[in-house]
**Q** 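Quick one: the structure is below, and I'll ask about it shortly.
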Amino acid sequence: MTEARTLAALVERLGRMSHALQFSTGLNPSQWEALRYLARANRYSASPTALAKYLGITKGTVSQTIIALESKGLVTRVRGRPDGRSVHLELTDEGRNLLCSDPLRVVNEAGGCMTDAEREATIRGMNKLLDALCQEKGRCGFGVCGDCTHLDSRPCAKGGGEGCFCGLANESLATEDLQKLCVNFQSAP
Ligand code: SF4
């Protein structure tokens with residue numbers, strides 16, 4: 001591999017290309033990424049603070065992103081507690097429908113140029129790279145229950161559903177929760 005095609009150069013080039021693709025349908029790249037994140041975030045993670053952590057931006061900047069998405073009718077704020085202070089973000093039907101035309105789907109389609117084994121190895125390698133960079137930079141890595149040290153299969157002390165529960169929140173987890181992104185995720189050491 002030549003100097004110009006080192007790992008860092010490839011990541012930078014792919015990042016620029018994917019960034020440029022996402023000025024689409026009146027949205028910018030941060031707004032598209034916020035929609036993708038909210039479509040996958042679990043009950044502990046659909047807050048403005050968690051979204052800011054995921055995007056790696058300040059609370060002020062994420063607030064502008066949320067306001068823009070609200071004004072387009074793609075996201076709505078739901079007050080989660082009686083005191084009205086806890087804010088939960090939800091995609092509207094329009095937001096979910098818009099994700100069907102996600103401009104980054106062309107990246108997945110371009111992945112068709114690889115064999116299945118090459119694609120799986122690339123995804124594994126990129127996940128490792130992302131985890132290593134998050135650790136290096138002290139960034140929250142996010143992740144899903146199946147890979148989290150807080151996942152427990154004992155009955156939940158608070159009762160409720162059968163099967164898995166979150167040992168951190170001490171709450172039952174529905175099957176559909178297990179594949180959602182979590183801000184409290186902690187990978188095994
Ligand atoms: S088990 Fe881990 S990933 Fe799942 S909800 Fe609990 S903290 Fe989040």
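The figures that follow rest on heavy atoms only: side chains count, while hydrogens, waters and symmetry mates do not. Just so it is clear, the structure is predicted and the values come from calculations on it, not from any experiment.
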**Q** Taking side chain as C-beta onward, heavy atoms only, is Leu89 less than 4.5 Å from Leu69?
**A**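 Not in contact.
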**Q** What's the spacing between Asp102 CG and Arg36 CZ if we round to 0.5 Å?
**A**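 Nearest 0.5 Å value for the CG-CZ distance: 4.0 Å.
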**Q** When you measure from the side chain of Lys180 to the backbone of Ser45, do you find a donor-acceptor pair of N or O atoms at a distance under 3.5 Å?
**A**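 Flag not set: sc Lys180 to bb Ser45 has no pair under 3.5 Å.
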**Q** Please report the C-alpha distance between Leu27 and Glu33 in whole Å, then the side-chain angles of each, then the deciding distance to 0.1 Å, and finally whether the side-chain contact (heavy atoms from CB on, under 4.5 Å) criterion is met.
**A** CA-CA 10 Å; Leu27 302 189; Glu33 190 62 351; over 6 Å; no
**Q** Report yes or no: does Ser63 contribute a side-chain atom to a donor-acceptor pair with the main-chain N or O of Lys59 at less than 3.5 Å?
**A**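 Answer holds: no.
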**Q** As an exercise, state the distance from CG of Asp152 to SG of Cys145, rounded to the nearest 0.5 Å.
**A**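 It comes to 11.5 Å.
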**Q** What's the verdict on side-chain contact (heavy atoms from CB on, under 4.5 Å) for Val183 and Thr49, showing C-alpha distance, side-chain angles and the deciding distance?
**A** CA-CA 10 Å; Val183 66; Thr49 303; over 6 Å; no
**Q** So which heavy atom on Ser30 is nearest to which on Thr65, and how close?
**A**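 Heavy atoms only, the tightest pair is O-CG2, 4.1 Å.
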**Q** Salt bridge check, Asp116 against Arg119: does any charged N sit closer than 4.0 Å to a carboxylate O?
**A**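 Between Asp116 and Arg119 there is a salt bridge, with a charged N closer than 4.0 Å to a carboxylate O.
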**Q** Below 4.5 Å, heavy atoms only, C-beta onward: do Asn108 and Leu104 meet side chain to side chain?
**A**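 Side chain of Asn108 against side chain of Leu104, heavy atoms only: no contact under 4.5 Å found.
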**Q** In the structure I gave you, are the side-chain heavy atoms of Thr61 and Leu55 within less than 4.5 Å of one another anywhere?
**A**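 Counting from C-beta outward, Thr61 and Leu55 never come under 4.5 Å.
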**Q** Are side-chain heavy atoms of Met17 and Val107 found at a separation under 4.5 Å?
**A**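 Result no, sub-4.5 Å side-chain heavy-atom pair not found.
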**Q** Would you say Ile57 and Leu38 are hydrophobically clustered, going by side-chain heavy atoms of ILVMFWY under 4.5 Å?
**A**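 As far as the 4.5 Å side-chain criterion goes, Leu38 and Ile57 are connected within one cluster.
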**Q** Restricting to non-hydrogen atoms, name the atom on Val62 and the atom on Pro48 that form the minimum distance, rounded to 0.1 Å.
**A**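 Nearest pair, atom of Val62 first, then Pro48: CG1-O, 3.7 Å.
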**Q** To the nearest 0.5 Å, what is the distance between OG1 (Thr58) and NZ (Lys53)?
**A**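 So the OG1 of Thr58 and the NZ of Lys53 are separated by 14.0 Å.
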**Q** Under a 3.5 Å distance rule, please check whether Asp177 uses its side chain to pair with a backbone N or O of Ala174 as donor and acceptor.
**A**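 Between the backbone of Ala174 and the side chain of Asp177 there is a qualifying donor-acceptor contact (under 3.5 Å).
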**Q** Provide the closest heavy-atom pair for Gln22 versus Pro103 in the form atom of the first, atom of the second, distance.
**A**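 In terms of heavy atoms, the two residues are closest at CA-CG, 4.0 Å.
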**Q** From Arg105 CZ over to Cys100 SG, what is the distance, rounded to the nearest 0.5 angstrom?
**A**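 If I round to the nearest 0.5 Å, the distance is 9.5 Å.
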**Q** Assess the residue pair Arg79 and Val87 against the criterion (side-chain contact (heavy atoms from CB on, under 4.5 Å)); give the C-alpha distance rounded to whole Å, side-chain angles, the decisive distance to 0.1 Å, and a yes or no.
**A** CA-CA 5 Å; Arg79 301 282 166 188; Val87 174; 3.0 Å; yes
**Q** Do Val75 and Leu35 have side chains that get closer than 4.5 Å, going by heavy atoms?
**A**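 In contact.
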**Q** Got Tyr44 and Leu168 here, is their nearest side-chain heavy-atom distance under 4.5 Å?
**A**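 No. Closest side-chain heavy atoms not under 4.5 Å.
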**Q** What pair of heavy atoms forms the shortest contact from Tyr37 to Ala50, and how long is it?
**A**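 Nearest pair, atom of Tyr37 first, then Ala50: OH-CB, 3.6 Å.
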**Q** Quick one: do Leu7 and Leu14 end up in the same hydrophobic cluster if we chain Ile, Leu, Val, Met, Phe, Trp and Tyr together by side-chain heavy atoms under 4.5 Å apart?
**A**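 They do not share one cluster, since no chain of ILVMFWY contacts under 4.5 Å joins Leu7 to Leu14.
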**Q** Before you tell me yes or no, could you show the steps for Arg96 and Asp93 under salt bridge (charged side-chain N to carboxylate O under 4.0 Å, His left out), namely the whole-Å CA-CA distance, both residues' side-chain angles and the distance that decides it to 0.1 Å?
**A** CA-CA 5 Å; Arg96 289 191 186 283; Asp93 288 345; 5.5 Å; no
**Q** Is there side-chain contact between Val144 and Arg40, with at least one heavy-atom pair below 4.5 Å?
**A**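 Heavy-atom side-chain distance check passes, below 4.5 Å.
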**Q** What heavy-atom pair brings Asp147 and Phe185 nearest, and what distance separates the two atoms?
**A**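 Where Asp147 meets Phe185 most closely, the heavy atoms are O-CE1, 3.3 Å.
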**Q** Any heavy-atom pair between the side chains of Glu120 and Ile123 that's under 4.5 Å?
**A**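 Side-chain contact under 4.5 Å: no.
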**Q** Test of understanding: clusters of I, L, V, M, F, W, Y form through side-chain heavy atoms closer than 4.5 Å, transitively. Do Val11 and Leu133 belong to the same one?
**A**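 As far as the 4.5 Å side-chain criterion goes, Leu133 and Val11 are connected within one cluster.
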**Q** CZ of Phe165 to CG of Leu151: how many Å apart, nearest 0.5 Å?
**A**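 It comes to 9.0 Å.
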**Q** Is Thr76 reaching over with its side chain to a backbone N or O of Thr92, donor-acceptor style, under 3.5 angstrom?
**A**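 Checking the backbone N and O of Thr92 against the side chain of Thr76, no donor-acceptor pair under 3.5 Å is found.
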**Q** If you measure from CD on Gln31 to OG on Ser24, what distance do you get to the nearest 0.5 Å?
**A**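 Answer for the CD-OG pair, Gln31 versus Ser24, is 11.5 Å.
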**Q** Would the number of heavy atoms belonging to other residues, nucleotides or ligands and lying under 6.0 Å from CE of Met114 be above 12?
**A**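 Yes - once you tally the heavy atoms of other residues, nucleotides and ligands closer than 6.0 Å, there are more than 12.
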**Q** If you look at every heavy atom in Ser101 and Trp32, which pair is closest and at what distance?
**A**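 In this case the closest contact between Ser101 and Trp32 is O-CH2, 3.8 Å.
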